[in-house]
A.B. asks: 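The following block contains the structure, expressed as structure tokens.
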Amino acid sequence: MAEITKKPVKIMETVLRDAHQSLIATRMPTEVMLPIIDKMDKVGYHAVECWGGATFDASLRFLKEDPWDRLRKLRDGFKNTKLQMLFRGQNILGYRPYADDVVDAFVEKSIANGIDIIRIFDCLNYLPNLQEAVNATNEIKRREGRGHAQVALSYTLGDAYTLEYWADMAKKIEEMGADSICIKDMAGLLLPYKATEMIKAMKENTNLPIQLHSHYTSGVAGMTYLKAVEAGVDIIDCAMSPFAMGTSQPATEVMVETFKGTPYDTGYDQELLAEIADYFTPYREQCLKTGLMNPKVLGVNIKTLLYQVPGGMLSNMVSQLKEQNAEDKYRAVLEEIPRVRKDLGEPPLVTPSSQIVGTQAVFNVLMGERYKMATKETKGMLRGEYGQTVKPMSQEVIDKVIPGETRLTGRFADQLENEMSKLEEEMKQWKQQDEDVLSYALFPQVATDFFKYRQAQQEKVDVTQADTENKAYPV
């Protein structure tokens, strides 16, 4: 009998980033993370995702922590495990496109402070919006031998998103100099057998490792991972069980057990994983007790599959209708969403395109006339400021919303002048480290508030030390 070729599946652990971002609005403080790092470092994970996404904003805004300090502490603790971050292409971790010099500086400081793998994505899958971050990562890798650029494709459904589209994108990502590819299924829309087809089609077009990231929102992600691994996917994103399932990822321990004794066996120690789960369980219970973790995010939302709308987008839409006393318009808005999405070139529904499409659909229904009123974000999308879409946008809508305006055909960032010197000048009174300029670049007001808080805390410490020194001992 022929020996079965072993191909252990690798796992990227999300408990320190996406898992708590998905379940408790990114509120896990650094002090909760640090005591368990030593055990997590012994698992043998492909990587631990611990930074980027919303962690940066939440650290400064809500936790009064310096995100750069968090990264350095995590790097000190993880001696054997690669650290990964999520990076929004030309938007970095913020909500507007930045000039290339800011992108370059952020990539450089992220790697210098401890990041190994940068996962770079764009809400339209517009590759030119990802190229600068890939180039910056590759330049550091060439110079210092560190850094890995992973390009993530936002998974979505629609006429334009054929197997040929995904396979062609895989080839283009390899050509642009990326080190690996991620299928980023933020809404849990990728079904098990579709995953088999997609992975096989992509594998025929690229030699790059392929990673799969999904959320359990619709209830299918565990089955999708199983079929994807059988089809040849190299890495799957999972979360430790206390922060898994619901709007988070499938549970790490469950996937490890699923592949035990098969060619895909991870080889991870379940007893060690159980100790890590035991550590996080009391914190989960505390989050449930205080209301930080809402039980609603722990179940399955089948509407995600029925309407192909991410859970976060649905809840946002419901609250908008509630504010207008128009909850009876829910069905009409659900039917309007795919029409607006088609008008705007059928973009993937992920931040910020999901909010743009959803809000415009609400306006169209409440106004009784489509595009009678358009948000500034809808106008920006129609102008091409967010990048180019897979399908052409509706000319009729363009003529109605931005009549006579010239549309961009390339990258919006090409119009931006270098920003770093100006940013440094603006915030120089607060600067204690080079990284502070980047914190300010991404969130000017939030970072300034944090810098004031930090200074006040430092002054308190100085006063306390001075008091201690002035208390002379009796002779």
Side-chain angles (χ1 to χ4, degrees), residues 5 7-14 18 22 46 49 119 121 125 150-174 178 180-239 244-252 254-260 262-266 300-311 346 348-350 390:
T5 308
K7 197 208 170 201
V9 65
K10 298 173 183 174
I11 290 179
M12 198 273 282
E13 176 59 59
T14 69
D18 198 11
S22 298
H46 166 72
E49 187 190 44
R119 174 178 290 173
F121 82 102
N125 289 336
Q150 179 178 91
V151 167
L153 288 171
S154 298
Y155 180 74
T156 190
L157 304 168
D159 296 346
Y161 301 97
T162 60
L163 280 181
E164 289 73 26
Y165 167 84
W166 298 115
D168 186 49
M169 288 295 272
K171 189 176 183 181
K172 285 176 179 171
I173 289 168
E174 185 167 356
S180 62
I181 298 169
C182 173
I183 301 163
K184 181 175 162 60
D185 179 23
M186 54 282 163
L189 295 176
L190 182 58
L191 298 171
Y193 289 98
K194 291 293 180 191
T196 300
E197 293 173 1
M198 187 176 177
I199 302 297
K200 285 182 175 174
M202 291 172 77
K203 284 277 182 182
E204 284 172 9
N205 261 26
T206 180
N207 292 316
L208 294 183
I210 298 177
Q211 188 158 346
L212 178 57
H213 173 94
S214 189
H215 290 249
Y216 216 88
T217 320
S218 64
V220 302
M223 293 182 285
T224 298
Y225 278 12
L226 175 63
K227 298 307 288 183
V229 169
E230 289 175 351
V233 89
D234 301 279
I235 310 148
I236 51 176
D237 291 6
C238 303
M245 315 290 273
T247 50
S248 179
Q249 283 75 49
T252 303
V254 173
M255 298 317 299
V256 167
E257 198 64 22
T258 297
F259 296 116
K260 198 172 178 181
T262 75
Y264 315 109
D265 195 332
T266 62
V300 165
N301 186 349
I302 195 60
K303 287 176 182 165
T304 307
L305 287 180
L306 293 178
Y307 303 118
Q308 299 167 17
V309 173
E346 221 171 75
L349 295 176
V350 62
V390 180

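From a predicted model like this one, the values you see are computed outputs, not experimental measurements. Heads up: numbering here begins at 1 and tracks the sequence. Atoms considered below: every heavy atom in the structure, side chains included; atoms not considered: hydrogens, waters and symmetry mates.
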A.B. asks: Quick one, Leu305 and Val220 - any side-chain contact, counting heavy atoms below 4.5 Å?
C.D. replies: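 Side chain of Leu305 against side chain of Val220, heavy atoms only: contact under 4.5 Å found.
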
A.B. asks: Test side-chain hydrogen bond (donor to acceptor under 3.5 Å, both in side chains) on His46 and Asp234 and set out the steps.
C.D. replies: CA-CA 10 Å; His46 166 72; Asp234 301 279; over 6 Å; no

A.B. asks: Is the side chain of Thr217 donor-acceptor paired with the backbone N or O of Gly188 at a distance under 3.5 Å, no angle test?
C.D. replies: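 No, the answer is negative, given that no donor and acceptor are paired below the 3.5 Å cut-off.
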
A.B. asks: Under 4.5 Å between any side-chain heavy atoms of Asp237 and Glu49, yes or no?
C.D. replies: no

A.B. asks: Nearest 0.5 Å, please: how far is CG in Asp18 from CD in Glu13?
C.D. replies: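 Output value for this atom pair is 11.0 Å.
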
A.B. asks: Drop me the distance from Ile235's CD1 to His213's NE2, to the nearest 0.5 angstrom.
C.D. replies: 13.5 Å

A.B. asks: Is it the case that atom NZ in Lys7 sees more than 12 heavy atoms from other parts of the structure closer than 6.0 Å?
C.D. replies: yes

A.B. asks: Can you see which heavy atom on Ser154 is nearest to which on Met186, and at what distance?
C.D. replies: CB-CE, 3.9 Å

A.B. asks: Out of the candidates Gln211, Met202, Met169, only one should pair with Ile181 under the side-chain contact (heavy atoms from CB on, under 4.5 Å) rule; please name it.
C.D. replies: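 Among Gln211, Met202, Met169, the one that satisfies the side-chain contact (heavy atoms from CB on, under 4.5 Å) with Ile181 is Met202.
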
A.B. asks: Can you name the closest pair of heavy atoms from Thr224 and Leu191 and give their distance?
C.D. replies: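 Heavy-atom minimum between the residues: OG1-C, 3.6 Å.
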
A.B. asks: Just wondering, do Val229 and Thr258 contact through their side chains at under 4.5 Å, heavy atoms?
C.D. replies: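 Side-chain contact under 4.5 Å: no.
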
A.B. asks: Taking Glu346 for its side chain and Ala160 for its backbone only, find out whether a donor-acceptor pair lies under 3.5 Å.
C.D. replies: yes

A.B. asks: So if I apply the ring pair (Phe, Tyr, Trp, His ring centres under 6.0 Å) rule between Tyr155 and each of Phe121, Trp166, Tyr165, which one comes out positive?
C.D. replies: Trp166

A.B. asks: What's the separation between atom OG1 in Thr266 and atom NZ in Lys260, rounded to the nearest 0.5 Å?
C.D. replies: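 So the OG1 of Thr266 and the NZ of Lys260 are separated by 9.0 Å.
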
A.B. asks: Taking the side chain from Tyr225 and the backbone from Ser214, do they hold a donor-acceptor pair closer than 3.5 Å?
C.D. replies: yes

A.B. asks: Would you call Pro348 and Asn125 a side-chain contact if the rule is heavy atoms closer than 4.5 Å?
C.D. replies: yes

A.B. asks: Walk me through whether Arg119 and Met12 qualify under side chain to side chain contact (heavy atoms under 4.5 Å, CB included).
C.D. replies: CA-CA 12 Å; Arg119 174 178 290 173; Met12 198 273 282; 3.8 Å; yes

A.B. asks: Between Ser22 and His215, which heavy-atom pair has the shortest distance, and what is it?
C.D. replies: OG-CE1, 3.4 Å

A.B. asks: Tell me whether Thr14 contacts the main-chain N or O of Cys238 through its side chain, where contact means a donor paired with an acceptor under 3.5 Å.
C.D. replies: yes

A.B. asks: Roughly how far apart are Met198 CE and Leu153 CG, rounded to 0.5 Å?
C.D. replies: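 Between Met198 CE and Leu153 CG, I get 6.5 Å after rounding to 0.5 Å.
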
A.B. asks: State, with a plain yes or no, whether a side-chain heavy atom of Tyr264 is found less than 4.5 Å away from one of Ile236.
C.D. replies: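 Tyr264 does not reach Ile236 side chain to side chain.
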
A.B. asks: Passes salt bridge (charged side-chain N to carboxylate O under 4.0 Å, His left out), Lys227 versus Glu230? Steps please.
C.D. replies: CA-CA 5 Å; Lys227 298 307 288 183; Glu230 289 175 351; 3.2 Å; yes

A.B. asks: Write down the atom of Ile183, the atom of Leu190, and the distance for their closest heavy-atom approach.
C.D. replies: CG2-CD2, 4.4 Å

A.B. asks: Which heavy atom in Thr206 sits nearest to a heavy atom in Glu174, and how many Å separate them?
C.D. replies: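 In this case the closest contact between Thr206 and Glu174 is OG1-OE1, 2.6 Å.
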
A.B. asks: Can any side-chain N or O of Ser180 pair as donor or acceptor with the backbone N or O of Pro209 at less than 3.5 Å?
C.D. replies: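 Looks like no, no N/O pair under 3.5 Å.
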
A.B. asks: I'd like to know if the side chain of Asn205 and the backbone of Ala167 have a donor-acceptor N/O pair within less than 3.5 Å.
C.D. replies: yes

A.B. asks: Donor-acceptor check, side chain of Ser218 to backbone of Ile302, threshold 3.5 angstrom: yes or no?
C.D. replies: no

A.B. asks: Determine the minimum heavy-atom distance between Thr304 and Leu189, stating which atoms define it.
C.D. replies: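 Answer, listing the atom of Thr304 first, then Leu189: O-CD2, 3.4 Å.
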
A.B. asks: Any chance NZ of Lys203 has more than 12 other-residue heavy atoms, nucleotides or ligands included, within less than 6.0 Å?
C.D. replies: yes

